[in-house]
Amino acid sequence: MSPLLPTRRSIYKTPAQLRAMIEPGLITAAALDAVRALIAPGVTTLELDAAASAVITGRGAKSNFQMVRGYRHTICASVNEQVVHGIPSARGLEPGDIVSIDAGAEFEGWNGDSAFTAVVPDASRPALVAEREELSRVTEGSLWAGIAALATARHLGEVSAAVQDHIDGAGHGYGILREYVGHGIGRKMHESPSVFNYRVPDPGAQVRPGLAVAIEPMVVIGDQATFVEDDEWTVSTVDGTAGSHWEHSVAVHDGGIWVLTAPDGGAAGLAPFGVIPREIGEET
Ligand code: MG
Ligand code: MG
């Protein structure tokens, strides 16, 4: 006798549903562009939050972070030893700070989710800036390595392996957060399946047309151990070393892959891997 398994909705989307995710992806990208342009010494993360909010609401979308129970902001802004889920505050950014910004938009019932890291210039501490820029560069590279792997992967585990291999291959001994992972995305910001940033024994979900996932490596200079601050949101490293977080929402379709949260579909980021993104066509 076989066990009775609960039925669940397919994680795979139709081409029309994937196309509906293009606009929220582009709105998410525009919100992050607005934030990126403002990052400088003295700017508060609350000001960055307001800039992202203005873009998202101005384009007729909603902040999906504000739909997370108990969270009132449009972005997460994680500074220095904070890796993810930092709450915007009235504290100004300082020279040499490394800050990761995460945001998402919901438009007509579909979601985008993306993140980037920036280092605030500091001419007086070139070694610190270089160390943090290298962390961000490797983390972003691991994101693109994962996205490139998605173009040919049969299972999501190959994406996870590509992310880890890129980080390990940099040779810095960086830690990869284990307790926080990427996810499916669609009608909800967070859906099945999980997208690990490290090798796991399970091959993971099948990669085939209709899959839409947010890939989001979270990488730290030191040990991967983290804790949640007293604000009940902010995830910080136990050893106090700096973190970086990069993320894109990506669709797999009949013609290939398309990075929904990049205006060029990921062309620039994927070029070093020899992968060319393809627009989501009209096939049904
Ligand atoms: Mg995110
Ligand atoms: Mg995410």
Side-chain angles (χ1 to χ4, degrees), residues 11 13 21 24-36 45 48-49 51-53 55-56 61-79 82-88 98-107 110-118 136 139-140 142-144 146-147 150 156 159-160 163 176-198 204-205 211-220 226 228 233-236 243-252 257 259-262 266 269:
I11 61 170
K13 295 165 176 74
M21 295 179 68
L26 291 175
I27 295 169
T28 301
L32 290 177
D33 280 348
V35 170
R36 190 184 279 107
T45 46
L48 301 180
D49 188 72
S53 177
V55 170
I56 289 172
K62 289 185 280 193
S63 158
N64 48 25
F65 284 28
Q66 290 189 10
M67 292 179 233
V68 175
R69 181 191 289 265
Y71 199 75
R72 298 183 295 116
H73 297 283
T74 298
I75 64 171
C76 288
S78 307
V79 182
Q82 303 172 353
V83 191
V84 286
H85 301 171
I87 303 174
I98 180 170
V99 56
S100 297
I101 305 293
D102 191 355
E106 184 186 287
F107 182 78
W110 294 93
N111 287 274
D113 188 8
S114 184
F116 73 94
T117 298
S136 178
T139 308
E140 182 185 14
S142 75
L143 167 62
W144 288 111
I147 297 170
L150 188 67
L156 272 178
V159 173
S160 305
V163 171
I176 304 171
L177 265 59
R178 294 297 198 267
E179 295 167 61
Y180 302 89
V181 297
H183 49 89
I185 183 166
R187 284 286 189 191
K188 293 188 202 151
M189 177 169 56
H190 295 138
E191 298 184 349
S192 290
S194 292
V195 184
F196 299 94
N197 297 307
Y198 45 91
L211 187 69
V213 286
I215 303 173
E216 49 178 318
M218 290 153 267
V219 182
V220 299
T226 57
V228 178
W233 287 102
T234 310
V235 174
S236 296
S244 173
H245 177 212
W246 283 83
E247 177 178 24
H248 273 304
S249 302
V250 190
V252 180
I257 62 167
V259 180
L260 297 157
T261 44

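Just so you know, ligand 1 is whichever comes first in the structure, and atom 1 is the first atom listed for that ligand.
- Heavy-atom contacts from other residues, nucleotides or ligands closer than 6.0 Å to CZ of R187 number more than 12.
- In this view, W110 satisfies the ring pair (Phe, Tyr, Trp, His ring centres under 6.0 Å) rule with no residue, not counting sequence neighbours.
- Every residue meeting the side-chain contact (heavy atoms from CB on, under 4.5 Å) condition with V84, not counting sequence neighbours, appears here in chain and number order: M218, V235, H245.
- Distances under 2.8 Å from the Mg ion (ligand 2) pick out the protein N/O/S atoms D113 OD2, H183 NE2, E216 OE2, E247 OE2.
- With sequence neighbours excluded, the residues satisfying side-chain contact (heavy atoms from CB on, under 4.5 Å) with A103 are L32, I75.
- Taking the six-membered ring for Trp and thresholds of 30 and 60 degrees, H248 and W144 have ring planes inclined between 30 and 60 degrees apart.
- Note that the CD1 atom of I185 and the NE2 atom of H190 stand 7.5 Å from one another [nearest 0.5 Å].
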